[in-house]
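Scroll down for the structure; my scribbles are underneath it.
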Amino acid sequence: MLDIKFIRQNLDVVKKALDDRDVKIDLAALLDLDDKRRSLLIDIEDRRAQRNANSQEVGKLMRTIGRLKKEGEDTAKITGDVAELKRLTANIGNEIELLEKKLRPLTEKIKAQLLTIPNIPNESVPIGLDESFNQEVRHWGEPTKFDFEPQPHWDLGEKLKIFDFERGAKIARSRFTLYLGAGARLERALINFMLDTHTDEHGYKETFPPILANEASLIGTGQLPKMAEDMFRCQDDDLYLIPTAEVSVTNIHRDDILAAADLPLKYVAYTPCFRREAGAHGRDTRGLIRQHQFNKVELVKFTRPENSYAEHELLTRDAEDILQKLGLPYRVVILATGDLSFAAAKCYDLEVWMPSSGGYKEISSCSNFEDFQARRANIRWRPEAGGKPRFVHTINGSGLAVGRTVAAIVENYQQADGTIIIPEVLRPYMKIDLITGSDLQS
RNA sequence: GGAGAAGUGGCCGAGUCGGUUGAAGGCGCUCGCCUGCUAAGCGAGUAAGGGGGUAUAAGCCUCCUUCGAGGGUUCGAAUCCCUCCUUCUCCGCCA
């Protein structure tokens with residue numbers, strides 16, 4: 001969420017940001033509402049000040065009456081004054097009530113509009129209205145070469161009986177997959193490998209948060225109100241299945257004031273993630289790429305504003321390290337303004353090489369949200385000097401999406417006979433070094 | 001699910017026959033003093049959000065709101081009433 005004061009004072013900056021994102025919002029109307037709200041507020045506050053003063057006066061007079069009675073003096077005159085003052089003040093109260101009735105819808109309307117305004121892209125973000133303006137920043141490794149025709153992971157996996165898409169659909173519906181034998185173990189091995197690496201080598205604190213989240217949490221990270229149709233909702237309980245651990249982990253500190261000495265806070269969480277994929281009909285219909293339920297290991301940082309861009313680079317490197325350790329070729333892409341997600345000010349996508357499509361596929365998205373989420377979720381920190389609390393900056397990224405990593409390993413490590421070599425770093429977790437289709441009761 | 005208790009500032013914790021209580025006290029923190037260093041001690045300061053004025057780097061003045069959330073009673077509510085949420089204890093149920 002942007003600060004209404006910031007919008008008022010930096011209208012050109014906000015306008016340009018919306019243009020660069022190709023988002024249309026009537027800022028003039030919003031500021032007009034804000035003007036109306038503030039002038040109404042002045043009216044109300046003046047009256048409230050008057051009412052408070054009168055009430056204090058009543059209090060004083062009441063005490064005087066008490067004293068006079070004790071002394072046996074006459075209180076008729078002063079009692080009359082009190083009654084008159086009460087009548088006057090009750091009238092002011094009625095006026096306040098009327099004005100407040102006007103104020104409430106204004107305030108709600110402004111808040112609702114503010115919640116739909118996306119973040120302002122950082123100046124280092126390339127300007128362009130769609131993904132064709134994204135730019136490769138760097139790449140690691142080269143596309144895997146085969147001396148045979150490589151197969152897509154869904155064919156390999158079904159032959160090896162490590163993925164069963166039909167039974168996944170039978171149990172739930174399409175875009176759900178049943179993992180079996182070495183496939184299930186590969187998923188689990190990757191989760192453990194990623195968590196171990198991020199905790200032991202990169203210094204993140206491991207968490208395992210709730211996978212259902214309430215409305216306030218989803219507003220905090222920016223999924224609500226705009227992306228409601230992309231989430232699974234438990235209607236009876238007013239809870240949502242999280243689309244990413246970012247929601248749960250960022251909200252750990254909703255309404256907190258963090259100590260300066262504790263920053264940056266670094267968390268890693270493994271969670272299942274759930275997405276309805278509304279509007280994605282026909283895209284990535286085969287295989288593990290686009291599922292309603294998938295596992296992800298997520299990195300989240302809370303930082304001081306002045307460090308957030310450096311920390312964003314480091315977090316991206318932490319995610320890349322997983323791909324490098326797994327020996328998977330990838331590239332890093334900076335998203336253009338038009339492709340940037342709602343809450344992000346800057347985002348790098350990590351894209352892994354997928355032989356089946358002969359291209360790179362997104363496997364991680366590392367974003368700096370600056371204070372956009374912190375303002376929504378009210379996450380602040382107090383500088384050492386003991387000054388006013390300020391909003392933190394939040395950063396997060398996948399480290400990595402597990403299902404897509406499984407797909408990438410199966411495709412990049414396949415052999416001509418359809419077996420899959422297990423990357424070196426996963427062997428301690430897998431306890432085998434080759435998936436043959438007959439291992440692990442598969 | 002049933003019965004009971006409780007929710008106050010960064011933290012702990014006072015505060016009901018409603019009226020200078022935005023809130024005693026303590027801890028923590030900041031600044032200063034003291035001491036060879038540290039510790040202890042002494043003094044002062046220290047909630048957040050918002051509006052207006054002035055200055056515009058900070059700042060200063062003033063008003064409003066906020067004692068779990070929302071509503072009600074009242075001239076006036078942390079304090080009384082209602083609803084909800086959360087936590088704790090006991091019972092039931094359960095992995």
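Protein chains get the first letters and strands the later ones, always in sequence-line order, with residue 1 at the start of each.
Heavy atoms from other residues, nucleotides or ligands lying under 6.0 Å from CZ of A:R167 number 12 at most.
A:N52 comes within contact range of the sugar-phosphate backbone alone, with a heavy-atom separation under 4.0 Å but no base atom that close. Counting non-hydrogen atoms under 4.0 angstrom, A:R380 reaches the backbone sugars and phosphates but no base. Among the heavy atoms of the strands lying under 4.0 Å from A:I42 are primed sugar atoms or P, OP1, OP2 only; no base atom is included. A:S55 comes within contact range of at least one nucleobase, with a heavy-atom separation under 4.0 Å. Contacts of A:R63 with the nucleic acid, taken as non-hydrogen atoms under 4.0 Å apart, involve only primed sugar atoms and P, OP1 or OP2.
Between the P atom of B:A47 and the CZ atom of A:R382 lies a distance of 9 Å, rounded to the nearest Å. Protein atom CG of A:N54 is 17 Å distant from nucleotide atom P of B:U74, rounded to whole Å. For A:D262 and B:C29, the CG to C1' distance is 14 Å, given to the nearest whole Å. Whole-Å rounding puts the A:I44 CD1 to B:G52 C1' distance at 14 Å. A straight line from CZ of A:R51 to C1' of B:U65 spans 11 Å, rounded to a whole angstrom. A:R48 places its CZ atom 13 Å from the C1' atom of B:G49, with the value rounded to the nearest Å.
No side-chain heavy atom of A:H393 sits under 4.5 Å from any side-chain heavy atom of A:W381.
Between A:K16 and A:D20 a salt bridge is recorded (basic side-chain N to carboxylate O distance below 4.0 Å).
Residue order along RNA chain B, read from the 5' end via each residue's closest nucleotide, puts A:G59 first among A:L41 and A:G59.
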Bracket notation of RNA chain B in which parentheses pair within the strand, [ ] cross earlier pairs, and | pairs with another strand (Watson-Crick or G-U, under 3.5 Å):
((((((((.[[[..)...(.....]]]((((((.......))))))((((((((....)))))))).[[[[[..)....]]]]])))))))....
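Between A:R8 and the options A:L30, A:D34, A:D3, A:L27, a side chain to side chain contact (heavy atoms under 4.5 Å, CB included) holds for only A:D34. No option in A:S308, A:S124, A:S367 other than A:S124 meets the side-chain hydrogen bond (donor to acceptor under 3.5 Å, both in side chains) test with A:K346.
Note on ring orientation: taking the six-membered ring where Trp is involved, the planes of A:H312 and A:Y348 are parallel (angle under 30°, cut-offs 30° and 60°).
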Worked verdict on A:E45 versus A:R38 for salt bridge (charged side-chain N to carboxylate O under 4.0 Å, His left out):
CA-CA 10 Å; A:E45 289 187 352; A:R38 278 181 299 143; over 6 Å; no
